[in-house]
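As structure tokens, the structure follows; a few thoughts come after it.
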Amino acid sequence: MADIPTRYNPKETEDKWYRYWEEKNLFSARPNPHKKPFCIVIPPPNVTGILHMGHALNNTIQDILIRYHRMKGDESLWMPGTDHAGIATQNVVEKKLAKEGLKRQDLGREKFIDRVWQWREEYGSTIIRQLKKLGASCDWGRLRFTMDQEYSRAVREAFVQLWSKKPSGLIYQDDKVINWCPRCQTALSDEEAPHRPLKGNLYYMRYPLKQGLSPKGTVPAYVVVATTRPETMLGDTAVAVNPNDKRYKKLIGTTITLPLVNREIKIISDSMVDMKFGTGAVKVTPAHDPNDYLLGKKHNLSFVNVMYPDGRMNENAGDYKDMDRFEAREVILEDLKQKGLLDKVQPHELSAGHCYRCHTIIEPYLSKQWFVKMKPLAKPAIEAVKNGRIKFHPKRWTKVYLNWMENIQDWCISRQIWWGHRIPLWYCRDCQKLALASIDDPKECPICKSANLKQDEDVLDTWFSSWLWPFATFGWPFEQKKGQSPAGTVPSSSEDLSYFYPTSVLVTAPEIIFFWVARMIMAGMEFIKEIPFKDVYIHGTVRDIEGKKMSKSLGNIIDPLDIIAEYGADALRFSLISITAQGQDVFLSKERFEQGRNFANKIWNASRFIMMNLEQQQGQSPAGTVPDLCVFFSATRIGGSAKNLGGKKEGLGIVNRWILSRFYSVLKELDRNLAAYKFNEAANLLYGFFWHEFCDWYLEMIKSDIGNKHNQVVMYKVLEKSLRVLHPFMPFITEELWQRLQGFLPKGTVPANSIMIQPWPHIQEQIIDKKAETQLSSLIELITAIRNIRQELEIPAQGKINARIFITSSPRKELLQKMAVHIRNLAGVEELSFARGYKKSAGTFETVLKDMHIVIHLSGATDVQKHKHRLQEKIKKLEAEIRSKEKLLGNRNFVEKAPGEIIESEKAKLKELRGRFKKMEAIKDGLR
RNA sequence: GGGCGCUUGGCUCAGUUGGUUAGAGCGGUAGAUUUACAUUCUACAGGUCAGAGGUUCAAGUCCUCUAGCGCCCACCA
């Protein structure tokens with residue numbers, strides 16, 4: 001077949017087939033009562049996202065599952081979409097504005113939001129295009145966006161439901177110290193402010209007592225407090241000590257004059273104070289520390305906020321007003337030093353929250369925010385996992401989930417940004433009351449009927465919309481929906497939801513468990529009263545070869561799109577999967593992708609070879625015109641029983657029976673691995689089977705008689721089925737080759753559309769032939785042994801050797817005789833003979849292999865010493881093995897307690913080893 | 001302070017419920033090639049499975065402890 005190039009070129013196939021699949025609408029899924037549903041909702045990437053290796057891994061896994069189930073006959077839906085990613089997207093657009101010298105405030109809220117939408121029109125589909133490059137078979141007709149009108153309605157619905165939950169709503173507003181990002185200028189949830197270690201200092205500051213030194217010197221002049229954030233001292237409203245601390249007992253209730261601001265504050269006592277830390281006296285800043293906030297509440301302290309939202313000091317900071325918080329720190333320290341109030345400075349490792357979007361150090365900040373009460377939501381979500389309705393894979397994540405859920409804190413959901421779902425609460429400007437929470441924009445105040453209403457300024461946390469993803473994407477809520485979509489297009493009732501929900505599996509990374517997985521479970525239980533998914537598969541994090549997380553700032557990124565361009569999407573997918581052990585992190589280097597590329601090329605060339613030979617047998621005309629082959633193809637109908645082949649299975653010949661048996665044995669294991677989410681094992685299984693068994697042994701063996709009809713049929717069948725089972729892993733190359741193979745189908749058979757909708761091969765137990773598998777592995781062993789001697793003795797490849805095989809069992813002898821042609825061809829043996837009884841002859845080189853004694857006759861000189869040396873080494877190994885077996889079998893405990901079959905096999909093994917040892921010794925002694 | 005993961009040939013990693021001689025890819029060494037594929041083929045070398053103890057007839061695999069590395073959570077100012 002002259003038109004098949006010798007190398008696989010992904011560029012010529014990938015886009016072509018992706019377009020084809022989309023045109024044929026092969027990704028779409030609709031409720032089908034005759035099929036089982038299988039559904040995955042995609043973790044919606046940010047609209048600002050560009051495909052990174054984490055995405056590539058995450059989506060390859062999902063695509064494998066979806067394609068696998070689609071082929072297995074499930075109605076398989078992969079629901080796609082993107083996330084509006086409030087803060088991230090707003091930041092991107094603000095940066096763009098900054099280049100024009102503008103701030104978002106210059107535009108105003110509405111115009112700014114218009115700009116964001118504009119931005120999303122232009123760039124928002126980048127990630128979708130990239131997912132397509134990867135081969136993702138999402139049902140794109142259903143693409144959702146969390147800011148879509150329909151979706152936004154779901155968000156409001158969820159808010160209002162929680163708000164109006166009986167007996168008391170689950171949403172409340174409160175003044176609390178929350179995580180504040182001074183750069184993004186918004187509140188964040190605890191999850192959005194991960195703690196990172198920070199090198200800093202512990203500053204010991206002297207706070208003078210108001211009464212000063214007592215006459216007898218029994219009271220000190222000052223109390224020393226330690227802090228890592230000196231700038232917050234401007235907001236101190238107390239100093240706290242432990243009530244049991246003898247050092248400070250007398251001072252409790254006395255007054256301190258706070259330096260620099262000269263505020264009078266009290267020394268209070270609280271058991272929360274750790275006597276062992278610092279000086280045992282702690283400054284209390286209720287407006288800038290969550291602990292101090294609690295103390296402040298408990299002891300009725302005043303709350304002095306000393307910062308503007310942007311992290312500069314405010315009017316409460318006196319002389320330090322308008323300084324940045326870290327600049328103020330330095331100046332304050334200097335001023336304290338001047339006054340002799342800086343006691344000492346110690347280096348100190350601390351950890352501080354960082355904004356997960358811009359990495360700025362979080363300021364604990366007192367402000368009025370909206371919260372969701374989480375305990376009531378967590379309860380059923382904990383139950384769903386505890387009773388096994390939702391399972392984590394690997395299991396260990398269950399504990400992580402439960403631990404978090406059982407200690408869950410209320411969720412701060414208000415954000416002081418513009419891009420997002422605005423909180424659906426309205427206030428009346430006239431009666432000055434909170435008017436209502438509503439799904440639709442209200443026209444008037446329900447209390448005073450005024451139309452002068454104002455909506456809350458804040459937007460909701462992005463995750464407040466994502467947690468609804470598994471059902472909001474199906475059009476929830478339904479009852480309020482008016483009007484159906486045009487007949488026969490997208491079902492707009494709850495039909496989809498009731499068919500596909502609960503979804504089958506959620507695939508994501510560990511860092512998303514709290515943000516999203518846990519919350520989706522809570523939302524599912526709360527709003528649908530049903531779990532959102534049955535399985536959660538947590539895969540590892542993609543790291544660079546040194547174990548660092550890949551990130552732009554570290555500059556260690558391997559761009560999946562570069563890999564696709566260089567090696568192809570299939571290579572990217574296959575390599576990623578084959579190195580990703582279940583749930584373990586992935587350490588990546590570019591070279592890793594060569595394996596995938598090489599494998600793709602191997603598949604390509606094996607197919608090329610087979611097609612060339614099918615064609616050669618059939619002349620240049622389309623294959624199906626050769627009647628003989630037609631008969632065979634129709635007799636064997638894909639998936640048909642091998643018994644139909646040429647009358648009976650035996651007629652196929654042992655090599656064909658072997659490869660068919662291996663295929664189905666591998667298939668069995670493949671199914672097992674996929675069901676257990678062991679993708680790497682599945683991939684490596686296919687790799688080993690296709691490359692080493694099918695190409696290196698099977699094709700090499702049938703090569704010499706490739707025109708044989710049995711060989712023709714079997715090589716075709718195994719190739720065709722291998723392509724199918726490889727398809728979920730490597731969709732593009734398998735489609736390309738499978739389409740080419742269609743040309744060999746008998747005339748009149750209508751070729752199917754695409755490999756992706758072919759049935760997944762059924763396991764055919766009657767074709768699995770363990771006897772043939774054993775026989776072939778013994779043949780392979782024999783051939784390998786002869787090759788080994790050959791190379792050991794440095795016999796050139798063209799050098800002729802003759803071999804005589806002594807074998808006592810006559811059925812085994814007959815069998816080997818039948819396969820003699822393979823021994824000749826693959827081991828390069830010219831004259832081959834078999835005999836039952838061993839006879840010593842001169843000028844030979846020998847080795848012993850289980851029940852076979854191999855004698856090689858050579859012409860020409862060879863290195864006898866080398867051979868002898870190697871023999872000696874093998875004998876040594878044998879001796880060691882024999883000794884350990886003897887010891888084992890000599891152990892009374894073993895003989896009494898081990899299962900009979902184990903003992904028997906050990907005995908047989910020992911016998912065989914002893915026999916082999918004897919023969920090897922004899923061979924060695926025969927050598928001079 | 002809790003929790004989790006990892007430690008297996010030069011490198012990167014697999015190893016199901018304990019049961020023959022612990023596997024793969026890359027790298028190394030030696031050889032092959034007008035043959036489907038040099039993105040190839042063949043053969044070889046290389047491992048006391050981090051350390052110690054325990055359970056067991058039998059441990060890379062189960063238990064305990066130790067060491068090193070990594071991650072997550074937590075209000076040590």
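Throughout, a chain's letter reflects where its sequence line sits, starting with A, and its residues are numbered from 1. What you see is a predicted model, and the numbers here were worked out from it, not measured in a lab.
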Practice item. Can you check whether any acceptor in the base of B:rC75 is under 3.5 Å from a donor in the side chain of A:N291, or vice versa? Key: yes
Distance-only donor-acceptor test, A:E594 side-chain atoms vs B:rU39 base atoms, 3.5 Å: no
Does B:rU40 have OP1 or OP2 sitting under 4.0 Å from an N or O in the side chain of A:N601?
no
Review point. Hey, is the side chain of A:R597 poking within less than 4.0 Å of OP1 or OP2 on B:rU39, counting only N and O atoms?
Key: no
Have a look at [X] and say if it touches a base, only the backbone sugar-phosphate, or nothing, with a 4.0 Å heavy-atom cut-off.
X	value
A:S578	nothing
A:R229	nothing
A:N684	nothing
A:P899	base
A:H288	nothing
A:K703	base

Enumerate all atom pairs, one protein N or O and one N or O from nucleotides 60-64 of chain B, separated by less than 3.5 Å.
none

Here the helical stems involving RNA chain B, each at least 3 consecutive Watson-Crick or G-U pairs closer than 3.5 Å, sorted by first residue number, are B:1-7 with B:67-73, B:10-13 with B:23-26, B:28-32 with B:40-44, B:50-54 with B:62-66
*Have A:Y248 and A:S269 got a donor and an acceptor in their side chains that come within less than 3.5 Å?*
no
Side-chain H-bond candidate by donor/acceptor type, A:N680 with A:S578, under 3.5 Å:
no
Exercise for review: Quick one: sort the A:Y698 and A:F694 rings into parallel, tilted or perpendicular, breaks at 30° and 60°.
Suggested key: parallel
